[in-house]
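Report on one structure; see the data block that follows.
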2 protein chains.
Amino acid sequence: MNEQRPYSKVLDRLRGAGLRPTRQRLALAKLLFEGGDRHLTAEMLHDEARAAGVGVSLATVYNTLHQFQDAGLLREIVVDAGRSYFDTNMLTHHHFFCEDTGDLVDIPADQVQINALPEPPAGKTIDRVDVVVHVRARG
Amino acid sequence: MNEQRPYSKVLDRLRGAGLRPTRQRLALAKLLFEGGDRHLTAEMLHDEARAAGVGVSLATVYNTLHQFQDAGLLREIVVDAGRSYFDTNMLTHHHFFCEDTGDLVDIPADQVQINALPEPPAGKTIDRVDVVVHVRARG
DNA sequence: TGTCAAGTTTAGAATAATTACAAATTGTGG
DNA sequence: CCACAATTTGTAATTATTCTAAACTTGACA
């Protein structure tokens with residue numbers, strides 16, 4: 001439907017976040033937000049961009065991911081030591097993490113019910129609750 | 001009570017895990033297991049060891065932490081990108097993670113109740129469920 | 001107790017992910 | 001279209017961790 005204005009949605013999205021719609025940001029936003037819910041590392045996104053013929057440096061991919069995160073368009077997930085995934089699904093939800101393959105799979109929020117939470121330490125407020133269900137190939 | 005055999009407990013612990021009780025492993029085990037529940041990075045443990053006058057290289061600290069983990073004496077916790085904590089509390093429990101300070105605080109298992117969990121992806125079994133409650137200084 | 005093989009430790013090099021930097025480029029309001 | 005600030009970039013730097021091969025311990029056994 002958007003054949004003639006393929007960037008209009010992401011463009012609005014960037015504008016809404018107060019980010020200048022540069023060529024690089026538009027291309028990365030398109031890759032990130034027009035493919036459903038995704039879990040990507042900086043390296044993976046960089047490869048995708050190059051494969052799509054988009055000239056963008058790895059440094060810019062990192063910058064952009066962090067800017068998108070600060071703007072609330074993405075969230076960072078840390079499951080694997082020394083590797084950050086960025087999740088394009090901003091709705092409350094949780095994750096399966098497969099220790100064999102490194103795969104990350106969404107769990108809709110309504111499939112996990114937490115019905116007791118402790119008081120946070122003095123002077124702190126709860127920001128969010130992350131549930132990671134570690135799984136492995138059945139042995 | 002153990003003034004005369006200060007290493008006997010950790011010694012048994014290493015023996016039980018099938019690990020040779022070397023000077024380094026004994027010293028690190030003492031630091032790790034005789035101070036209650038602890039959350040330490042390799043670097044932190046290395047510093048403690050040096051402060052205690054124990055000559056041990058950082059490489060050995062890493063090796064030892066992983067061996068202890070494989071032996072079921074420790075578990076690794078990943079909350080902060082690019083930094084691994086090791087937790088000496090092997091009972092089921094969860095964590096507060098303070099984003100401002102990087103502090104990690106235990107939440108006893110009975111203070112979090114999860115009463116719905118999804119089916120794991122085909123062919124996988126659930127290994128464990130990690131709940132991390134992200135908190136920050138009240139604004 | 002001395003010897004030896006296997007298990008450990010170590011310093012330093014290597015790797016991997018990420019961040020920092022300063023120069024070059026680009027986007028935008030006037 | 002200009003000027004200037006924001007952005008991008010290649011590269012170097014940083015950080016956490018793993019690797020490696022040589023040196024050193026340990027424990028078993030004669």
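Numbered from 1 within each chain, the chains take letters A, B, ... in sequence-line order.
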Rounded to 10 degrees, the angle between the two terminal axes of the helix from C:dT1-D:dA30 to C:dG30-D:dC1, each from five pairs =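 Rounded value for the end-axis angle: 20°.
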**Request:** Examine A:Arg75 relative to A:Phe86 and say whether NZ or CZ is less than 6.0 Å from the centre of the six-membered ring and inside a 45° cone about the ring axis.
**Result:**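 Ring-cation test returns no.
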Between A:Arg23 and A:Leu26, is a side chain to side chain contact (heavy atoms under 4.5 Å, CB included) present by the stated rule, with each step listed?
CA-CA 5 Å; A:Arg23 175 176 63 75; A:Leu26 279 167; over 6 Å; no
Does a side chain donor of either [X] or [Y] reach within less than 3.5 Å of an acceptor in the other side chain?
| X | Y | answer |
| --- | --- | --- |
| A:Asp130 | A:His95 | no |
| A:His39 | A:Asp103 | no |
| B:Thr60 | B:Gln24 | no |

Using whole Å, report how far [atom1] of [X] lies from [atom2] of [N].
| X | N | atom1 | atom2 | value |
| --- | --- | --- | --- | --- |
| A:Asp70 | D:dA6 | CG | P | 16 Å |
| B:Leu14 | D:dT25 | CG | C1' | 15 Å |
| B:Gln67 | D:dT17 | CD | C1' | 15 Å |
| B:Arg25 | D:dG27 | CZ | P | 10 Å |
| B:Leu19 | D:dT26 | CG | P | 15 Å |
| B:Met44 | D:dT17 | CE | P | 12 Å |
| B:Leu65 | D:dA16 | CG | C1' | 13 Å |
| A:Asp80 | D:dT18 | CG | P | 11 Å |

| said: Just N and O in the side chain of B:Thr60: are any of them under 4.0 Å from OP1 or OP2 of C:dT9? | reply: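 No, outside the criterion.
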Next on the checklist: Measuring from atom CG of A:Asp87 to atom CG of A:Asp106, what distance do you get when rounded to the nearest 0.5 angstrom?
Outcome noted: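 So the CG of A:Asp87 and the CG of A:Asp106 are separated by 5.5 Å.
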Practice prompt. Find the distance between CG (B:Leu11) and CG (B:Leu19) and round it off to the nearest 0.5 Å.
Written response: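 B:Leu11 CG to B:Leu19 CG: 11.5 Å, rounded to 0.5 Å.
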* To do: Scan B:Gly18 against the nucleic acid and name what it touches under 4.0 Å (heavy atoms): base, sugar-phosphate only, or nothing.
  =>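 No contact.
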task = State yes or no: are the ring centers of A:Phe97 and A:Tyr85 separated by less than 6.0 Å?
result =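 So the answer is no for these two rings.
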- prompt: Which other residues end up in the same hydrophobic cluster as B:Leu117, if Ile, Leu, Val, Met, Phe, Trp and Tyr are linked when side-chain heavy atoms come under 4.5 Å apart?
  reply: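 A:Phe96, A:Val105, A:Ile107, A:Val112, A:Ile114, A:Leu117, A:Ile126, A:Val129, A:Val131, A:Val133, A:Val135, B:Phe96, B:Val105, B:Ile107, B:Val112, B:Ile114, B:Ile126, B:Val129, B:Val131, B:Val133, B:Val135, listed by chain and number.
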Under a 4.0 Å heavy-atom criterion, the protein footprint on nucleotides 13-30 of chain C, written with B, S and -, is ----SBBB------BS--
